[in-house]
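To keep things clear, I will list the structure first and then write my remarks on it.
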Amino acid sequence: MSTQQQEPETQEAPEDPEMKGAESPQQRRLKEKEQGLADEESVDESDLEGETVHIKVFRYDPEVEDKQEPRFDDFHVPFEKGMTVLDAVMYARDEYDSSLTFRHSCRQAVCGSDAFFVNGTQRLGCKTQISDLEQPVRIEPLPHQEVVKDLVVDMDHFYDQMHAVEPYFQQEDLPEGDLEEQRQSRENREKVKMSTRCIWCAACMSSCNIAAGDNEYLGPAAINKAYRFAMDEREDEEIKEHRLRILEQEHGVWRCQTQFSCTEVCPKDIPLTEHIQELKREAVKKNLKFW
Amino acid sequence: MYEHDVIVVGAGGAGLRAAIAAHEAGADTAIVSKLHPVRSHTGAAEGGINAALREGDDWELHAYDTMKGSDYLGDAPAVETLAQDAPDETITLEHWGMPFSREEDGRVSQRPFGGLSFPRTTYAGAETGHHLLHVMYEQVVKRGIQVYDEWYVMNLATTDEPDPNDRRCHGIVAYDVQSGEIEGFKANQGVVLATGGPGQAFDHTTNAVSCTGDGHAMAYRAGAPLEDMEFIQFHPTSLPSTGVLISEGVRGEGGILYNEDGERFMFEYGYANNDGELASRDVVARAELTEVAEGRGVNDEYVHLDMRHLGEERIIDRLENILHLAEDFEGVDGLVEPMPVKPGQHYAMGGIEVDENGQTCIQGLYAAGECACVSVHGANRLGGNALPELIVFGKRAGRHAAGEDLGEPQIRTGYDDDVEDEEGVDLPVEPGEAGLDTTGGVAADGGVTADAEGALERAVERERERVDALMRKDDGIQHAEIRSKLQNAMTDYVNVFRTGDGIRKALSIIRECREQYQDVYVDDPSRTFNTDLQQTYETRNLIDVAETIALGALVRNEFRGAHWRQENQIRDDENWLKHTLISWDEGEPSVFYRPVILEGEEKTYEPKERSY
Amino acid sequence: MSQSYNRGLIEDFGRWKEFSAGMWAWIFHKFTGWMLIGYLFTHIAVLSTAIGAAQGETVEVFAEDLPNVEGTGLTEVDIYTATLGGLEGLFIVRLLEVGLLAVAVFHILNGLRLLMVDLGIGLEAQDKSFYASLILTGIITVASVPTFMMGVGF
Amino acid sequence: MAERYSSFAPGGTAWLLQRITAAFLVVVLAFHFFQLHFVNHAAEVTFAGTEVRMSNLGYFLTMVLFLIAGAFHGINGVYNALVNQGLEGTPKKVVLAVLTIAGVGLVVQGIWVALAMSGMIYQ
Ligand SMILES: Cc1cc2nc3c(=O)[nH]c(=O)nc-3n(C[C@H](O)[C@H](O)[C@H](O)COP(=O)(O)OP(=O)(O)OC[C@H]3O[C@@H](n4cnc5c(N)ncnc54)[C@H](O)[C@@H]3O)c2cc1C
Ligand code: HEM
Ligand code: SF4
Ligand code: F3S
Ligand code: FES
């Protein structure tokens with residue numbers, strides 16, 4: 001395959017640096033706006049082979065009169081190779097409507113700010129190629145969380161649940177002496193590795209029907225966080241038992257009904273259900289010991 | 001109004017470490033951050049933390065490597081502090097449960113990294129920064145340190161004595177993004193800025209959207225000089241559409257760079273003797289841009305990084321995460337196509353001028369992390385040296401702010417007798433506010449030196465007015481337009497290749513941006529989560545920061561570390577073993593220089609030729 | 001803080017088309033579980049006629065009407081046999097029984113699937129095992145129709 | 001945070017019993033279906049036949065256990081489902097009480113029926 005022949009479909013030829021000064025940003029913006037509108041009209045007639053993407057974005061703002069009643073806004077965004085859902089909403093915001101609001105930061109799936117409900121699934125905007133989606137692309141805030149504005153949801157409850165599992169290392173008995181680290185076997189690190197990758201995006205929590213129904217349920221992310229510590233051999237047995245006691249409370253691991261949707265949506269591919277199940281077994285084992 | 005002893009602005013690695021240290025020193029500490037802590041950009045760091053932990057290694061070697069890497073623009077006391085404290089701090093992270101990669105015997109793993117004489121980069125998989133950030137946030141939760149997350153800090157509340165060295169910082173003004181409320185935060189002992197890098201000054205960067213140099217700009221306008229801002233590290237392999245970093249690992253394993261004509265340009269055009277793709281970051285970055293400039297770039301924008309010949313097995317084994325990155329962020333399958341790459345802004349070596357204790361020339365104002373310049377990285381940062389900087393100097397700043405005695409610093413700050421004034425540069429336009437509206441400047445309303453409450457009240461009042469003005473206005477220009485113009489100017493003219501004329505052009509455009517900013521308005525009328533307003537603020541900060549980068553680049557007429565000048569392509573130790581400092585005098589930047597400190601505790605670091 | 005918007009459960013179920021395998025499995029398992037416990041109550045109620053039967057209670061029925069009674073014409077049988085026979089003679093009851101079988105078979109198969117999941121076995125195949133449960137339920141149900149429908153109504 | 005859990009109601013026991021009863025039910029339910037639909041067709045069940053089967057002590061005990069297991073499994077399942085939907089506070093206590101009474105009622109009634117069938121009473 002020739003490497004030179006790709007992407008004839010790129011809509012906008014990359015601008016020549018010299019040209020940029022010549023055309024004022026204002027003109028460019030207007031032109032692009034026009035283009036956006038023009039495409040809007042023609043989008044249905046011809047399959048534009050991905051020249052613009054049609055996105056429908058959920059809008060709500062408690063303070064702005066015509067946004068108090070939630071609605072969907074349509075935007076037509078010029079497609080570029082490699083465009084992600086986040087790129088598309090950023091484009092819509094910067095070029096069409098600066099009040100379009102969403103969280104985002106890293107653009108590389110590490111900050112966990114931009115989990116949205118895209119075409120019916122929880123996904124990270126920055127990690128989702130728009131070309132993989134069916135159009136129009138429907139972008140909504142995460143379900144089961146209160147909407148603050150547009151795509152921004154209230155994360156407080158999620159954070160509360162994360163904090164509820166005492167998400168911090170509690171080993172007090174540390175090796176003495178200069179530069180002495182605690183030893184950990186490779187196998188053990190491997191065991192907790194996936195669980196440490198969580199970026200707190202809340203996609204899992206939003207996909208779980210149990211978490212939706214039971215507000216007190218710790219939820220997959222928090223349980224996974226607890227797993228990360230409970231399985232870490234650097235903490236003593238008693239601490240592990242203490243952790244299991246937190247997890248085996250009524251709204252802890254037992255609430256999980258193994259729906260697997262958390263595992264399916266997790267952008268970091270953490271085997272959440274597996275971790276939760278393992279903790280259930282651990283808790284049972286611990287209780288059996290006392291009988 | 002809120003009140004705490006120590007207020008830390010920013011919750012990346014540096015901010016969290018500072019907060020923990022201040023808290024441990026007994027101060028009532030709070031963190032104010034525009035992002036929830038775990039969203040900070042520290043989470044993106046992949047490589048690792050340099051620390052001399054092992055037999056055969058030694059902090060002095062680390063200091064030596066760092067000094068050499070900095071192209072002798074690092075200050076020895078800072079460099080030595082970094083090298084001395086990094087091992088302990090790294091072990092502390094381990095004691096806090098950080099999941100470092102492990103050796104067979106259960107000890108933490110270390111790996112070799114560019115520019116290091118010993119494999120001392122301590123890592124946790126390919127996501128060291130993520131773990132560092134999360135472990136530190138866990139400790140903050142454990143200690144119950146108060147976090148005001150999604151509060152955007154707008155400005156500092158500083159007294160307004162004419163000489164910045166006499167000023168004192170009493171707190172900050174912040175805006176609750178969720179509710180739109182603007183509040184003062186009084187800091188009884190100190191304010192620590194840990195706001196991260198200014199990468200968004202460039203169009204193409206590996207930095208997050210939140211890296212807007214807010215701390216730089218706030219400190220700068222309050223009177224603390226910015227140091228060595230011209231030194232910007234560009235990474236040669238970032239994805240064109242997002243700036244996501246493709247690590248050096250690909251080239252390390254044997255990945256090849258091709259231009260549009262399918263030529264292996266690193267060899268064919270003789271950019272780097274025989275190192276080819278493995279030449280140092282700046283060399284490769286310049287080569288790529290030369291290809292593009294000479295019309296051999298793919299789509300006139302980027303080059304290709306090809307790893308297909310390595311074979312599927314080897315790629316999946318060693319570079320699997322690269323496949324995911326290319327697929328997820330660029331829509332390219334690295335097994336069947338070459339990956340598009342181009343240089344992207346990556347790291348700012350310069351920042352707010354501070355001493356080893358993190359203190360600026362303004363009493364009670366501290367800075368740590370990427371926004372500060374101690375300076376340990378000098379003209380070029382070694383990979384794996386930023387994370388130890390966060391924990392070492394974050395901790396020192398926190399402790400000092402909380403009132404601990406860390407001894408007399410050897411690094412001087414602020415304008416004093418030691419400095420050398422810039423005699424006059426040929427500028428196309430007046431930089432700085434220069435007669436434009438100076439809202440936001442510290443000494444804007446002149447007059448009485450205020451006490452703590454007074455300074456705070458006045459600062460809050462000023463931000464309220466500023467927000468009202470921005471919101472009231474309903475036409476004009478929107479910040480996004482100014483921002484993209486600024487970013488393009490920086491990428492076009494203050495990028496890897498720098499010429500006097502180009503930089504002057506950039507300065508003119510920055511000036512235009514400033515003028516346009518006079519006319520900026522916020523379209524979104526809502527007080528709830530108004531990111532439009534927040535970004536409008538950030539754009540203002542970017543203008544100030546971009547200007548210092550350009551100014552620094554213009555005055556430094558030599559080639560040192562990451563800074564290349566066409567007019568003088570050699571390292572000029574005779575004239576330039578000194579830091580560039582730019583301070584904001586009543587709305588006008590003034591440039592001065594301070595000599596580098598090459599005398600360490602026991603030895604002096606003699607500048608040596610940098611060889612590739 | 002300013003108010004926020006809660007989309008509630010109704011809208012939630014508007015998204016049923018987007019549910020994943022695990023979610024459907026959960027919903028079906030719930031549904032079948034409730035059917036089964038409902039049936040258990042009814043079943044015990046019906047079987048309670050055995051108490052009467054044991055005490056000698058009888059009724060007169062036409063033997064032809066009851067599949068479980070031999071002979072012809074008006075016959076005296078115990079109330080248990082009469083009730084069961086009466087029910088079994090109804091087409092609708094047979095149909096419901098097939099339904100019950102389907103429900104029970106699915107609940108059993110998916111229950112086994114869940115038990116495996118609890119033991120941490122075959123988690124990667126959780127969606128496939130759900131589809132397998134569905135298909136097997138279908139097959140078993142269809143296969144047992146002849147037995148269940150034997151001698152009724154037609 | 002730490003106060004959010006109590007040492008009460010660990011929940012693990014119920015969870016475990018739900019699994020154990022399920023495993024038991026698989027076997028017995030399959031046997032039950034087979035016995036009453038394939039070996040003896042449901043339509044041919046008579047009191048006499050039932051009596052014969054039920055007077056076998058092993059069969060009798062199996063059926064009683066079957067009942068107890070089924071009742072526990074079903075009732076606990078229903079209760080769990082409700083708690084999953086966020087049932088809290090007083091309503092939760094009431095539901096638990098009602099379900100327990102219903103369950104106990106079911107088992108008592110069932111055992112009575114079983115005894116009647118086996119001919120151990122009313123002879
Ligand atoms: C892709 C990538 C890879 C890297 N890899 C490595 C590596 O391998 N090794 C290494 O040593 N270094 C690496 N670096 C560099 C290193 O990660 C950064 O320099 C470092 O993380 C910066 O940390 P920080 O704490 O200073 O800032 P950040 O982590 O950026 O945090 C800034 C904080 O300030 C807050 N903030 C900013 N402005 C405001 C405001 N106005 N009001 C309130 N809060 C505000 C933000 O919310 C955030 O919490 C890498 C950098 C990048 C981009
Ligand atoms: C025969 C084998 C059976 C198996 C293997 C089985 C398995 C299971 C399992 C594993 C669960 C728990 C689901 C969860 O908590 O995630 C469950 C739930 C349930 N079972 Fe069964 N079960 C069986 C028979 C029965 C019977 C006979 C009844 C009726 C009496 C019944 C009624 C229920 C009910 C009501 C639930 C709760 C459903 C819900 O979540 O709403 N089950 N079953
Ligand atoms: S577990 Fe996965 S889906 Fe859940 S918050 Fe963490 S990263 Fe997001
Ligand atoms: S979606 Fe919910 S039910 Fe369990 S497996 Fe995941 S937590
Ligand atoms: S923007 Fe950070 S995860 Fe998507």
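All chains are named by letter (A, B, ...) in the order of the sequence lines, taking the proteins before the strands, and each is independently numbered beginning at 1.
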**Prompt:** So which of D/Gly105, D/Ala102, D/Ala48 has the biggest tally of heavy-atom pairs under 4.5 Å with chain C?
**Reply:**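 Highest number of heavy-atom pairs under 4.5 Å: D/Ala102.
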Distance in Å, [X] [atom1] paired with [Y] [atom2], rounded so as to fall on 0.5 Å steps:
{"X": "C/Phe41", "Y": "D/Ile75", "atom1": "CZ", "atom2": "CD1", "answer": "4.0 Å"}
{"X": "D/Arg19", "Y": "C/Asp118", "atom1": "CZ", "atom2": "CG", "answer": "4.5 Å"}
{"X": "D/His73", "Y": "C/His107", "atom1": "NE2", "atom2": "NE2", "answer": "4.0 Å"}
{"X": "D/Leu106", "Y": "C/His43", "atom1": "CG", "atom2": "NE2", "answer": "10.5 Å"}

**Item:** D/Ala114 versus chain C, the contacting section by heavy-atom distance below 4.5 Å
**Value:**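 Interface part for D/Ala114: neither.
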**D/Phe47, part contacting chain C, at a heavy-atom distance under 4.5 Å** =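 Contact with chain C: backbone and side chain both.
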**Asked** Do D/Val113 and C/Thr49 have side-chain heavy atoms sitting under 4.5 Å apart?
**Response**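 Of all side-chain heavy-atom pairs linking C/Thr49 with D/Val113, none is under 4.5 Å.
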**Request:** Mind ranking C/Asp78, C/Ile51, C/Ile44 by heavy-atom pairs under 4.5 Å with chain D and telling me who comes out on top?
**Result:**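 Of the options given, most contacts go to C/Ile51.
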**Request:** Test D/Thr46 against C/Val77 for side-chain contact (heavy atoms from CB on, under 4.5 Å), laying out the working first.
**Result:** CA-CA 9 Å; D/Thr46 58; C/Val77 290; over 6 Å; no
**Prompt:** Does any heavy atom of chain D fall under 4.5 Å from the side chain of C/Leu47, the backbone, both, or neither of them?
**Reply:**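 C/Leu47 touches chain D through backbone and side-chain heavy atoms alike.
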**Item:** Contacting moiety of C/Ile79, where chain D heavy atoms sit under 4.5 Å
**Value:**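 C/Ile79 has no heavy atom closer than 4.5 Å to chain D.
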**Request:** Check step by step if side-chain contact (heavy atoms from CB on, under 4.5 Å) holds for C/Val105 and D/Phe33.
**Result:** CA-CA 10 Å; C/Val105 170; D/Phe33 257 105; over 6 Å; no
**Asked** Looking at D/Ala116 and C/Ala54, what are the two nearest heavy atoms and their distance?
**Response**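 Result for this residue pair: O-CB, 3.7 Å.
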**Request:** Using side chain to side chain contact (heavy atoms under 4.5 Å, CB included) as the criterion, list what pairs up with C/Ile135, not counting sequence neighbours.
**Result:**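 By the side chain to side chain contact (heavy atoms under 4.5 Å, CB included) rule, C/Ile135 matches C/Ile139.
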